[in-house]
Amino acid sequence: MELYQLRSFVAVAREQNLTRAADAQHLSQSALSSQIKALESELGVSLFQRTTRGMTLSEAGRTLLSHALGVLEAADSLQRTAATLRRGITASITIGLNTDPTFLQISTINQRLALLHSNLNVIFHSSETANTAQLLRNKAIDLGFFYGQLQDPGIEQTVIAQVRICVVIPSNLAPQHQPGDWAEISALPWVWVDDKFPFFQALQKNMGSFRMAPTRIVTAANEQIVRELVIAGHGVAIMREDEARPLAANGKVQIWNKGWGTIPLSLGWLEGNGDKRPVKAAREAISHIWQQPSDEYADNLADKIWI
């Protein structure tokens with residue numbers, strides 16, 4: 001298989017539409033379709049279910065998507081490392097990513113670091129919020145993104161943004177009228193990562209006196225799997241607003257108008273390492289990028305409350 005086939009697979013999985021995926025990949029629809037068919041033939045499985053509304057991942061496609069993303073991430077890391085070797089390296093830093101790179105603005109951050117610190121070798125490493133402190137202590141990463149705040153005296157941290165989150169209901173489960181309270185929405189099937197995931201903790205904190213958790217739960221390993229399960233109609237979930245809005249616009253989910261909240265997106269590093277040149281350079285680049293104003297979804301949150 002070829003890397004371009006994997007990139008096409010990921011593009012179709014994200015767009016769920018052959019036309020949009022072809023535009024994103026700068027290919028004709030027929031060329032993109034041929035690449036997907038060739039990949040399916042080589043793997044011996046169908047990656048998508050083709051419907052009149054678009055293309056959704058098959059069971060095999062959902063399983064293989066994370067592997068494809070891992071291969072592409074490794075290939076990109078190899079190319080970045082080779083490029084820094086050509087330039088000549090004086091320092092290296094590994095940054096842990098707790099969610100998808102696009103949301104974290106990794107491309108823009110990397111461009112800024114390359115411009116201002118061309119001799120710095122930047123390595124991006126997949127991580128999870130729950131593992132960030134351990135990865136920092138083990139020196140597997142030098143700097144890490146995570147949700148919420150870490151209760152660890154050996155970790156220094158700063159909040160770089162307040163991320164808006166909301167409760168989404170798959171279209172096939174959406175009642176005719178919006179659920180009126182937590183008791184009503186908790187009766188629906190739910191999907192979430194685990195009880196330690198900060199989105200779930202934010203839910204518990206803000207649902208008031210009603211403390212009963214949903215009884216029918218599908219557990220997923222990460223946000224990306226949650227998104228796919230919600231699109232497939234398996235259950236209600238808490239999602240970032242930037243993921244939920246496009247799905248709502250396409251009619252795939254309904255956003256519960258009383259299920260809004262925020263959670264901190266933070267950056268952490270080992271105590272005493274904050275002023276070391278690579279860490280300081282990366283911290284400054286990340287802070288600069290995340291401080292840039294954005295008008296996306298900038299409507300007022302005053303009418304969006306948890307109950």
Side-chain angles (χ1 to χ4, degrees), residues 1-4 6-7 10 65-161 163 198 221-224 240 264-292:
M1 72 187 72
E2 303 293 340
L3 290 178
Y4 66 81
L6 296 181
R7 291 192 176 94
V10 171
L65 179 60
S66 61
H67 294 281
L69 289 168
V71 171
L72 292 174
E73 181 184 350
D76 289 342
S77 177
L78 176 65
Q79 290 178 334
R80 288 194 300 268
T81 302
T84 54
L85 287 170
R86 289 195 300 271
R87 292 196 304 266
I89 302 169
T90 61
S92 178
I93 185 168
T94 301
I95 303 174
L97 311 181
N98 71 318
T99 187
D100 62 275
T102 301
F103 171 72
L104 293 177
Q105 305 187 71
I106 294 307
S107 176
T108 308
I109 291 167
N110 191 56
Q111 287 174 5
R112 183 170 180 82
L113 285 171
L115 178 66
L116 298 179
H117 306 278
S118 60
N119 58 352
L120 180 63
N121 179 27
V122 183
I123 303 167
F124 295 107
H125 180 84
S126 295
S127 62
E128 295 177 6
T129 290
N131 298 333
T132 300
Q134 187 65 44
L135 290 170
L136 287 168
R137 285 195 297 270
N138 291 345
K139 299 184 179 180
I141 60 176
D142 302 297
L143 200 62
F145 287 93
F146 58 92
Y147 291 124
Q149 292 183 303
L150 300 178
Q151 303 303 315
D152 192 313
I155 305 296
E156 296 183 52
Q157 55 197 290
T158 185
V159 175
I160 61 173
V163 178
N222 55 47
E223 289 174 81
Q224 188 174 53
R240 296 195 317 263
L265 175 66
S266 302
L267 197 64
W269 57 92
L270 277 179
E271 185 177 18
N273 284 357
D275 288 330
K276 291 185 176 180
R277 191 181 74 82
V279 174
K280 185 177 181 180
R283 285 175 53 205
E284 290 175 348
I286 292 168
S287 296
H288 175 83
I289 297 303
W290 275 90
Q291 285 171 4
Q292 301 307 302

Could you tell me which non-hydrogen atom of [X] sits nearest to which non-hydrogen atom of [Y], and how far apart they are?
| X | Y | value |
| --- | --- | --- |
| Pro153 | Glu271 | O-OE1, 3.4 Å |
| Gly96 | Ser127 | C-OG, 3.4 Å |
| Ala140 | Thr94 | O-CG2, 3.5 Å |
| Leu270 | Leu136 | CD1-O, 3.3 Å |
| Ala68 | Leu6 | CB-CD2, 4.2 Å |
| Val159 | Ser266 | CG2-OG, 3.6 Å |

Got a second to check how far [X]'s [atom1] is from [Y]'s [atom2], nearest 0.5 Å?
| X | Y | atom1 | atom2 | result |
| --- | --- | --- | --- | --- |
| Lys139 | Asn273 | NZ | CG | 7.0 Å |
| Ile141 | Leu135 | CD1 | CG | 5.0 Å |
| Ile93 | Lys280 | CD1 | NZ | 13.0 Å |
| Ile95 | Asp142 | CD1 | CG | 8.5 Å |
| Ile160 | Arg283 | CD1 | CZ | 11.5 Å |
| Leu113 | Leu120 | CG | CG | 6.0 Å |

Give the table of side-chain donor-acceptor pairs shorter than 3.5 Å for residues 144-152, with sequence neighbours excluded, one pair per line with atom names and distance.
unit_1, atom_1, unit_2, atom_2, d
Tyr147, OH, Glu223, OE1, 3.2
Tyr147, OH, Glu223, OE2, 3.2
Tyr147, OH, Arg240, NH1, 3.4
Asp152, OD1, Gly154, N, 2.9
Asp152, OD2, Arg137, NH1, 2.2

>> Before you tell me yes or no, could you show the steps for Arg277 and His117 under side-chain contact (heavy atoms from CB on, under 4.5 Å), namely the whole-Å CA-CA distance, both residues' side-chain angles and the distance that decides it to 0.1 Å?
In response: CA-CA 10 Å; Arg277 191 181 74 82; His117 306 278; 4.1 Å; yes
List the steps and the verdict of side-chain contact (heavy atoms from CB on, under 4.5 Å) for Val71 and Leu3. CA-CA 8 Å; Val71 171; Leu3 290 178; 4.0 Å; yes
**Prompt:** Going through the checks in order, is the side-chain contact (heavy atoms from CB on, under 4.5 Å) test met by Asp100 and Gln224?
**Reply:** CA-CA 8 Å; Asp100 62 275; Gln224 188 174 53; over 6 Å; no
side-chain hydrogen bond (donor to acceptor under 3.5 Å, both in side chains) filter on Asn138, not counting sequence neighbours, yields Gln134
Do Asn98 and Phe103 have side-chain heavy atoms sitting under 4.5 Å apart?
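They are not in side-chain contact.
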